[in-house]
Amino acid sequence: LMIPVALVVIFNYASYGGIRMVFMDYKPAKGYAGSKWVGWATFQKVFKDKDFIRALKSSIVFNLLDLAVGFPMPIILALILNELRFPRFKKVTQTILYLPHFLSWVIVGSVAYQMFRPTTGIPFLTEKWHWAVTYLLIGVWQGMGWGTIIYLAAITGISGELYEAAMIDGANRWQRMWNITLPGIRGT
């Protein structure tokens with residue numbers, strides 16, 4: 001128990017001393033003692049900047065779009081993978097879809113940059129809004145594998161008897177998915 005507690009103390013509480021830097025005109029060469037205390041001046045400077053509202057709006061829009069696109073994708077993918085009937089193909093597909101989760105943002109960004117570079121790749125990012133769509137979709141692509149695994153695990157927790165009863169009652173795949181699978185993973 002000592003190691004986890006030590007890690008929590010070091011990374012969560014020991015770092016609080018560094019927070020005072022935001023209230024200082026911090027100079028690394030002078031350290032905390034030699035740097036001038038400016039209070040809220042840094043925050044006032046940021047909030048008064050002409051681009052602050054624009055940056056805030058862009059951040060909110062990107063987060064909402066990421067939520068709107070990124071939230072349903074793992075669910076849809078899990079539903080599709082659950083319907084696959086060839087176990088080997090299903091496992092290979094799951095592995096391929098899960099791999100981007102293990103790649104760092106540096107690698108994903110480098111691959112995207114090389115792929116969409118205007119001089120050697122697809123000149124896609126030279127258009128006004130294409131970079132935003134690309135940024136959003138690459139982020140969704142990297143994260144959807146992890147979510148898919150979570151939702152697939154939730155789907156396996158649904159009783160097979162429910163599906164059998166629905167098939168006996170004449171429910172097709174879409175009806176079983178809509179009336180059994182989706183309500184079964186609602187809590188997840």
Side-chain angles (χ1 to χ4, degrees), residues 1-16 18-19 21 55-160 163 173-174 176-178 180-188:
L1 190 59
M2 289 174 53
I3 293 173
V5 169
L7 290 174
V8 168
V9 168
I10 290 169
F11 291 107
N12 290 350
Y13 296 108
S15 62
Y16 283 147
I19 291 177
M21 271 192 274
L56 181 64
K57 285 179 185 177
S58 295
S59 294
I60 291 170
V61 167
F62 267 115
N63 280 294
L64 290 175
L65 285 173
D66 185 45
L67 185 64
V69 176
F71 179 72
M73 281 308 293
I75 297 171
I76 293 167
L77 205 51
L79 292 172
I80 291 170
L81 286 175
N82 188 52
E83 294 298 319
L84 291 177
R85 295 295 170 224
F86 302 106
R88 187 177 205 145
F89 180 71
K90 184 177 181 177
K91 288 179 184 179
V92 170
T93 306
Q94 279 179 305
T95 304
I96 291 170
L97 290 171
Y98 192 55
L99 277 176
H101 177 73
F102 291 107
L103 300 176
S104 74
W105 271 107
V106 174
I107 294 171
V108 171
S110 297
V111 169
Y113 178 73
Q114 292 298 324
M115 200 163 71
F116 296 118
R117 186 184 225 167
T119 55
T120 58
I122 304 166
F124 187 68
L125 298 181
T126 55
E127 299 296 324
K128 186 175 181 180
W129 292 104
H130 289 182
W131 71 269
V133 172
T134 304
Y135 174 79
L136 178 70
L137 293 180
I138 286 173
V140 169
W141 168 75
Q142 187 192 25
M144 72 182 174
W146 173 253
T148 301
I149 297 295
I150 300 294
Y151 289 115
L152 275 172
I155 289 171
T156 58
I158 299 171
S159 173
Y163 291 106
R173 278 188 178 187
W174 290 106
R176 290 190 306 259
M177 202 180 330
W178 188 259
I180 298 172
T181 309
L182 285 175
I185 64 172
R186 184 177 292 141
T188 307

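- With sequence neighbours excluded, the residues satisfying side-chain contact (heavy atoms from CB on, under 4.5 Å) with I96 are V92.
- For the salt bridge (charged side-chain N to carboxylate O under 4.0 Å, His left out) condition, no pair includes a residue of residues 67-79, sequence neighbours left out.
- In this structure, the side-chain contact (heavy atoms from CB on, under 4.5 Å) partners of M21, at least two apart in sequence or on a different chain, are Y26, Y32.
- Within the model, atoms CZ of R176 and OG1 of T181 stand 8.5 Å from one another, a figure rounded to the nearest 0.5 Å.
- Contacts classified as salt bridge (charged side-chain N to carboxylate O under 4.0 Å, His left out) and involving residues 7-16 (residues at least two apart or in different chains) are not found.
- You'll find the side chain of I149 stays beyond 4.5 Å of the side chain of L97, heavy atoms only.
- Among residues two or more places apart in sequence or in another chain, the side-chain contact (heavy atoms from CB on, under 4.5 Å) test is passed with V9 by V5.
- The salt bridge (charged side-chain N to carboxylate O under 4.0 Å, His left out) contacts involving residues 69-84 comprise E83-R85, E83-R173, where partners must be two or more places apart or lie in separate chains.
- Applying the salt bridge (charged side-chain N to carboxylate O under 4.0 Å, His left out) definition to pairs two or more places apart or across chains, none involves residues 86-103.
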For residues 55-82, which side-chain donor-acceptor pairs fall under 3.5 Å, sequence neighbours excluded?
{"unit_1": "S58", "atom_1": "OG", "unit_2": "R54", "atom_2": "O", "d": "3.0"}
{"unit_1": "S59", "atom_1": "OG", "unit_2": "A55", "atom_2": "O", "d": "3.0"}
{"unit_1": "N63", "atom_1": "ND2", "unit_2": "S59", "atom_2": "O", "d": "2.7"}

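- Within the structure, side-chain hydrogen bond (donor to acceptor under 3.5 Å, both in side chains) pairs that include any residue of residues 133-153 comprise W105-Q142 (at least two apart or interchain).
- Each of I180, I185, T188, I150 was scored for a side-chain contact (heavy atoms from CB on, under 4.5 Å) with I155, with one residue passing: I185.
- Under the side-chain hydrogen bond (donor to acceptor under 3.5 Å, both in side chains) criterion, the residue pairs touching residues 108-117 are Q114-R117, with sequence neighbours excluded.
- Listed by chain and number, the residues in a ring pair (Phe, Tyr, Trp, His ring centres under 6.0 Å) with Y98 are H101, F102 (sequence neighbours excluded).
- Residues satisfying the side-chain contact (heavy atoms from CB on, under 4.5 Å) test with T95, not counting sequence neighbours, are none.
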